[in-house]
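Working notes, structure below.
This chain uses plain numbering: 1 for the first residue, then up along the sequence. Scope of the values below: all heavy atoms of this structure, side chains included, with no hydrogens, waters or symmetry mates.
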Amino acid sequence: MIDFIEAIGQYEYLQKALLTSIMVGIICGVIGCFIILRGMALMGDAISHAVLPGVAISYMIGINFFFGAVLTGVLTAIGIGFVSQNSRIKHDTSIGILFTAAFALGIILITIMKSSTDLYHILFGNVLAVKPSDMWLTLVIGIIVLLTVYLFYKELLVTSFDPTMAQAYGLSTKMIHYALMTLLTMVTVASLQTVGIVLVVAMLITPAATAYLLTDRLWIMIFLSSAVGVISSVIGLYFSFTYNLASGATIVLIATLLFTIAFFFSPKYGLVWRWIKVKRKRSALAD
């Protein structure tokens, strides 16, 4: 650990990796809370895979991959809603069709341009190779996401827990849904260099799920989820740097370990404590 701390002070690339990891942990934790409360984990998976063709096309035409990734992510979200609303196909089925199609298209595009540019690191991430432009992009996206959640917290709260009541209040649940999809796409893009497309859904879901086991209040859940995301990112970066492990996979495994601890030992919903309560009740009844 001491060597890692000393290395942070000496190497600029490690400083950028640490800052980027922390920012990704925060914004994934925040957006992830709304994703799991709305039962949209599969949509998060869809968006994370759907940005791949946008990334590839951006590289092909020489623009920042942010623009292509956000465009294809939002278009996929709109396409999923269009298919499910205008056919007998259910929502989860339309997600499976469109996100796999987008992901397959992205792989084909990467294969075509492999001779000039290798984009496979986008799939699995490499936070130790983060560029200054990636770090600043993550910072800008983070500010947009946090500011949006702060300004529209009540709207997001109501539409997440009771869409019917939200419509009665005159809120446009469809517009809020697509705004959230846009934020989700932006967070996915910000996380590409850190954990990659394949694993970004884990950073969106696992910290939020961990926080969900620890509290019943949304604002506390958001803070806890962000904390879990940051802890996972920092510890994952440490192991990745120290033992030369894949950064994205290491970060996700740390997040999963924290979820496992909460799953068993959460004070209210933990499996161990629930088992103890049941045992105590049975003992009381026996007496």
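Residues I197 and V187 are members of one and the same hydrophobic cluster, defined by side-chain heavy-atom contacts under 4.5 angstrom among Ile, Leu, Val, Met, Phe, Trp and Tyr. Linking Ile, Leu, Val, Met, Phe, Trp and Tyr whenever their side-chain heavy atoms come within less than 4.5 Å leaves F67 and W136 in two separate clusters. Linking ILVMFWY side-chain heavy atoms closer than 4.5 Å, directly or via other members, places I95 and M181 in a single hydrophobic cluster. No chain of hydrophobic side-chain contacts below 4.5 Å, direct or via other Ile, Leu, Val, Met, Phe, Trp or Tyr residues, connects V24 to V200. Linking Ile, Leu, Val, Met, Phe, Trp and Tyr residues whenever their side-chain heavy atoms come within less than 4.5 Å places I231 and I220 in a single cluster.
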- [ ] Carefully, step by step, assess L37 and Y212 under the rule side-chain contact (heavy atoms from CB on, under 4.5 Å).
- [x] CA-CA 9 Å; L37 287 176; Y212 189 60; 3.8 Å; yes
Task: side-chain contact (heavy atoms from CB on, under 4.5 Å) evaluation trace for M43 with I80 - done: CA-CA 9 Å; M43 178 64 85; I80 289 169; 3.9 Å; yes
Open item on the list: Does T182 form a side-chain contact (heavy atoms from CB on, under 4.5 Å) with M186? I'd like the steps, not just the answer.
Closed with: CA-CA 6 Å; T182 302; M186 294 172 66; 4.2 Å; yes
- [ ] Just do the side-chain contact (heavy atoms from CB on, under 4.5 Å) check on V140 and I144 with the steps written out, would you?
- [x] CA-CA 6 Å; V140 171; I144 293 173; 4.0 Å; yes
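The only option from M165, Q167, R38, K154 that meets the side chain to side chain contact (heavy atoms under 4.5 Å, CB included) definition with T159 turns out to be R38.
In terms of heavy-atom proximity, C33 sits nearest to L218 at CB-CD1, 4.4 Å. When all heavy atoms are compared, the tightest approach of A202 to P207 is O-CD, 3.4 Å. L109 and P53 make their closest contact through CD1-O, 3.9 Å (heavy atoms, listed as atom of the first residue, atom of the second, distance). Between G142 and I27, the closest heavy-atom pair is CA-CG2, 3.4 Å. Taking all atoms of both residues into account, the shortest heavy-atom contact from V74 to T185 is N-OG1, 4.0 Å. Smallest separation of non-hydrogen atoms from A41 and V201: O-CG2, 4.1 Å.
Note that OG1 of T138 is 11.5 Å distant from CD1 of I26, once rounded to the nearest 0.5 Å. How far CD1 of I89 is from OG1 of T93: 6.0 Å, rounded to the nearest 0.5 Å. Atom-to-atom distance recorded for L105:CG and H49:NE2 is 14.0 Å, nearest 0.5 angstrom. Expressed to the nearest 0.5 Å, how far CG of L146 lies from CG of L183 amounts to 10.0 Å. Going from atom CE of M135 over to atom CG of L18 covers 11.0 Å, rounded to the nearest 0.5 Å. Between the CD1 atom of I254 and the CD1 atom of I251 there is a distance of 9.5 Å, given to the nearest 0.5 Å.
Between S58 and I63, the closest side-chain pair of non-hydrogen atoms falls below 4.5 Å. Using a 4.5 Å heavy-atom threshold, the side chains of L214 and P267 count as touching. When side chains are defined from C-beta on, F66 does not count as touching V55, because their heavy atoms never get closer than 4.5 Å. Proximity of Y153 to I222: side-chain heavy atoms (C-beta onward) are separated by under 4.5 Å at one or more points. No side-chain heavy atom of Y238 sits under 4.5 Å from any side-chain heavy atom of T250. Using a 4.5 Å heavy-atom threshold, the side chains of T210 and L224 count as separate. Inter-residue side-chain proximity for I141 and L137 is flagged as met; some heavy-atom pair is nearer than 4.5 Å. In this structure, the side chains of K16 and K131 stay at 4.5 Å or more apart for every pair of heavy atoms.
Of the possible donor and acceptor atoms, one in the side chain of S48 sits under 3.5 Å from a partner among the backbone N and O of D45. Not a single donor-acceptor pair under 3.5 Å links the side chain of S160 to the backbone N or O of F34. Remark: side-chain polar atoms of S94 are paired, donor with acceptor, to backbone N or O of H91 under 3.5 angstrom. With hydrogens and angles disregarded, a donor-acceptor distance shorter than 3.5 Å links the side chain of W273 to the backbone of F265. No donor-acceptor pair under 3.5 Å is formed between the side chain of N86 and the backbone N or O of V83. T20 places no side-chain N or O within donor-acceptor distance of the main-chain N or O of A17, the cut-off being under 3.5 Å. Side-chain N or O atoms of T72 include one that pairs as donor or acceptor with a backbone N or O of A69 at under 3.5 Å. A side-chain donor-acceptor contact under 3.5 Å links S232 to the backbone of V228. Although no hydrogens or angles enter the test, the distance criterion places a donor-acceptor pair under 3.5 Å between the side chain of S266 and the main chain of L213. At distances below 3.5 Å, at least one donor-acceptor pair connects side-chain atoms of S225 with backbone N or O atoms of G29.
Taking a 6.0 Å sphere around CD of E12, one finds it holds 12 or fewer heavy atoms contributed by other residues, nucleotides or ligands. Residue F4 places its CZ atom among more than 12 non-hydrogen atoms of other residues, nucleotides or ligands, all under 6.0 Å distant. Within a 6.0 Å radius of CZ in F152, no more than 12 heavy atoms belonging to other residues, nucleotides or ligands are found. For F259, the CZ atom counts as densely surrounded, since its 6.0 Å shell holds more than 12 non-hydrogen atoms of other residues, nucleotides or ligands. In this structure, F161 places its CZ atom where more than 12 heavy-atom neighbours from other residues, nucleotides or ligands lie under 6.0 Å away. No more than 12 heavy atoms of other residues, nucleotides or ligands sit less than 6.0 Å from atom OH of Y169.
Remark: F239 pairs with Y243 by the ring pair (Phe, Tyr, Trp, His ring centres under 6.0 Å) rule, at least two apart or across chains.
Between Y13 and F241, the ring planes lie tilted relative to each other; the angle falls in the 30° to 60° range.
Looking only at atom types and distance, the side chain of D216 has a donor-acceptor partner in the side chain of Y269 under 3.5 Å away.
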